[in-house]
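Some notes on the structure that comes next.
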Amino acid sequence: MTVSVQDIDAARTRIRAHVRLTPLERSETLSRLTGADVWLKFENLQFTSSFKERGALNSLLRLGAAERERGVIAMSAGNHAQAVAYHGERLGVPVTIVMPESTPNAKIAATAVFGAEVLLRGRRFDETRSFTEVLAAERDLVLLHPFDDASVIAGQGTLGLELLEQLERFDDLLVPVGGGGLLAGVSLAVRAARPATRIVGVQSEHFSAVASAFGTGGTAQAGADTIAEGIAVKTPGERTLPILQANVDEMHTVSEAAIERAVFTLLEVEKTVTEGAGAVGLAALFSAPERFVGRRVVIVLSGGNIDMMVLSSLLQRGLVNSERFTRVSVEIPDLPGALGKLTQAVGAAGCNIVELNHQRAFGVSSARRTRIELALQLRGAGQLPEALASLREAGYEPQVVNSDNVGQS
């Protein structure tokens, strides 16, 4: 079954009373940082915190009475699962969800809370998909594919219709891509109405199958992982790929560091939580700002379901990368009062000591010396060189010992 703009229009009528019209807002700060006119589509503000509600609900509403009674099954890294579980409960449809074993706990819990049966099978999405297809046949359940389904594509395309209504003109549209359901639907809607708009798909460089089909993707390393697990799909859909090839202008891939920076920046600047997959559009803008300078750019923040442990680690890494948190190693005499003098010198340098460790056996020049490792809180970029210089003036030889710049003095 092909998908048309008419199908997307029909999906909009079908679901509009049950999904949120999410805001599209201009970011003054991101515009100043990048030189582009940046607008953000906050799909992370849907009830289940992702765009997946659109396609899932459209699919459920198109089921016949007998299919609803049999129940549905879906494989998902989390967002499609939550959407199917939530709207399935609302509509009285029994739901079984199969998730990859690596799915963040936040997504598992948020799915189970709606009464769905949740099974964890497969290390990657493709393994999960194979198990789900077998189980669907065994139990005679209706399989609701997360992206390679005409009803899902049409439902996701309603986001594109909203963009057209919310903003009269935009030059570029950056959309995350896993299996391609979101970008397929949105690109159909936008291309039909505004053919001059540059439509850009964005993938993690570790899972870049669609980008490879466009000739711009790399080859993922064996065992590669990504913080953008929501788009960690090895193979695009048979229905979605032809639509993408017909309507999408470019595919970009982004590094894990760029994705982490985007999640961190969106939280700090926009005060909004996104998962890795939801932030890849901004990561693409950060990675190649020269391609978007002076252009009006819409970025779809596709989801906000990030595991709290992952977010905690990401924020700490972001503080290190922005030089607001660092570790410094200093050797001092192993004598009474020496540590007090060091902490006074650190305070005089304007740093706050968060953690302190002694090391007498490793990395010291003699048995009468001890090495102190300090975790320091700083004001931001620029203070670290000043603090190091202040410590050197006080007679110390400090070394920064963050993992990526061990031994920097």
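Residue indices begin at 1 and follow the sequence shown.
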Where is the tightest heavy-atom contact between [X] and [Y], given as atom of each residue plus distance?
X	Y	result
Ala283	Val254	C-CG1, 3.8 Å
Ala74	Val84	CB-CG2, 4.3 Å
Ser287	Ala258	OG-CB, 3.6 Å
Thr34	Pro289	O-CB, 4.0 Å
Phe214	Leu244	CZ-O, 3.4 Å
His18	His87	O-CE1, 3.7 Å

How long is the span from the [atom1] atom in [X] to the [atom2] atom in [Y], to the nearest 0.5 Å?
X	Y	atom1	atom2	value
Ser302	Gln156	OG	CD	10.5 Å
Leu30	Leu282	CG	CG	5.5 Å
Ser208	Ile231	OG	CD1	10.5 Å
Leu40	Leu301	CG	CG	5.0 Å
Ile227	Ile306	CD1	CD1	5.0 Å
Thr274	Leu311	OG1	CG	9.0 Å

Show your reasoning for whether side-chain contact (heavy atoms from CB on, under 4.5 Å) applies to Phe170 and Trp39. CA-CA 9 Å; Phe170 46 91; Trp39 293 71; over 6 Å; no
Checking side chain to side chain donor-acceptor pair (under 3.5 Å) for the pair Asn79/Glu275: CA distance, chi angles, key distance, verdict? CA-CA 11 Å; Asn79 290 335; Glu275 59 194 274; 3.0 Å; yes
Within the structure provided, determine whether [X] and [Y] are in side-chain contact (heavy-atom separation under 4.5 Å).
X	Y	answer
Glu162	Arg12	yes
Val3	Arg239	no
Leu167	Arg296	yes
Phe51	Val300	no
Ile372	His358	yes
Arg54	Leu182	no
Gln383	Cys351	yes
Arg261	Asn321	no

Counting distance only, does the side-chain N/O of [X] pair as donor-acceptor with the main-chain N or O of [Y] below 3.5 Å?
X	Y	result
Glu53	Thr48	yes
Asn58	Ser151	yes
His80	Lys52	no
Arg121	Phe131	no
His252	Leu174	no
Gln399	Ser329	no
Ser31	Ser27	yes
Ser76	Ala81	yes
Asn247	Leu188	no
Arg327	Val401	yes

Working note: Arg379 + Glu386, criterion side-chain contact (heavy atoms from CB on, under 4.5 Å); need CA distance, chi angles, decisive distance, verdict. CA-CA 11 Å; Arg379 292 190 302 272; Glu386 296 174 1; 4.0 Å; yes
Do [Y] and [X] meet the salt-bridge criterion of a basic N to acidic O distance under 4.0 Å?
X	Y	result
Arg317	Glu256	no
Glu28	Arg26	yes
Asp249	Arg198	no
Glu101	Arg123	no

Do we see a donor-acceptor contact under 3.5 Å between the side chains of Glu43 and Thr22? yes
State whether a side-chain donor-acceptor pair under 3.5 Å links Thr216 with Glu250. no
Enclosure of [X] [atom1] (heavy-atom neighbours >12, cutoff 6.0 Å):
X	atom1	result
Arg32	CZ	no
Glu165	CD	yes
Glu168	CD	no
Glu67	CD	yes

Going through the distances and angles, do Leu319 and Phe264 end up as a side-chain contact (heavy atoms from CB on, under 4.5 Å)? CA-CA 9 Å; Leu319 291 172; Phe264 185 91; 4.2 Å; yes
Test side-chain contact (heavy atoms from CB on, under 4.5 Å) on Val346 and Leu391; report intermediate values, then the result. CA-CA 7 Å; Val346 171; Leu391 289 174; 4.1 Å; yes
Using the rule side chain to side chain contact (heavy atoms under 4.5 Å, CB included), only one of Val248, Ile199, Leu173 pairs with Val186; which is it? Leu173
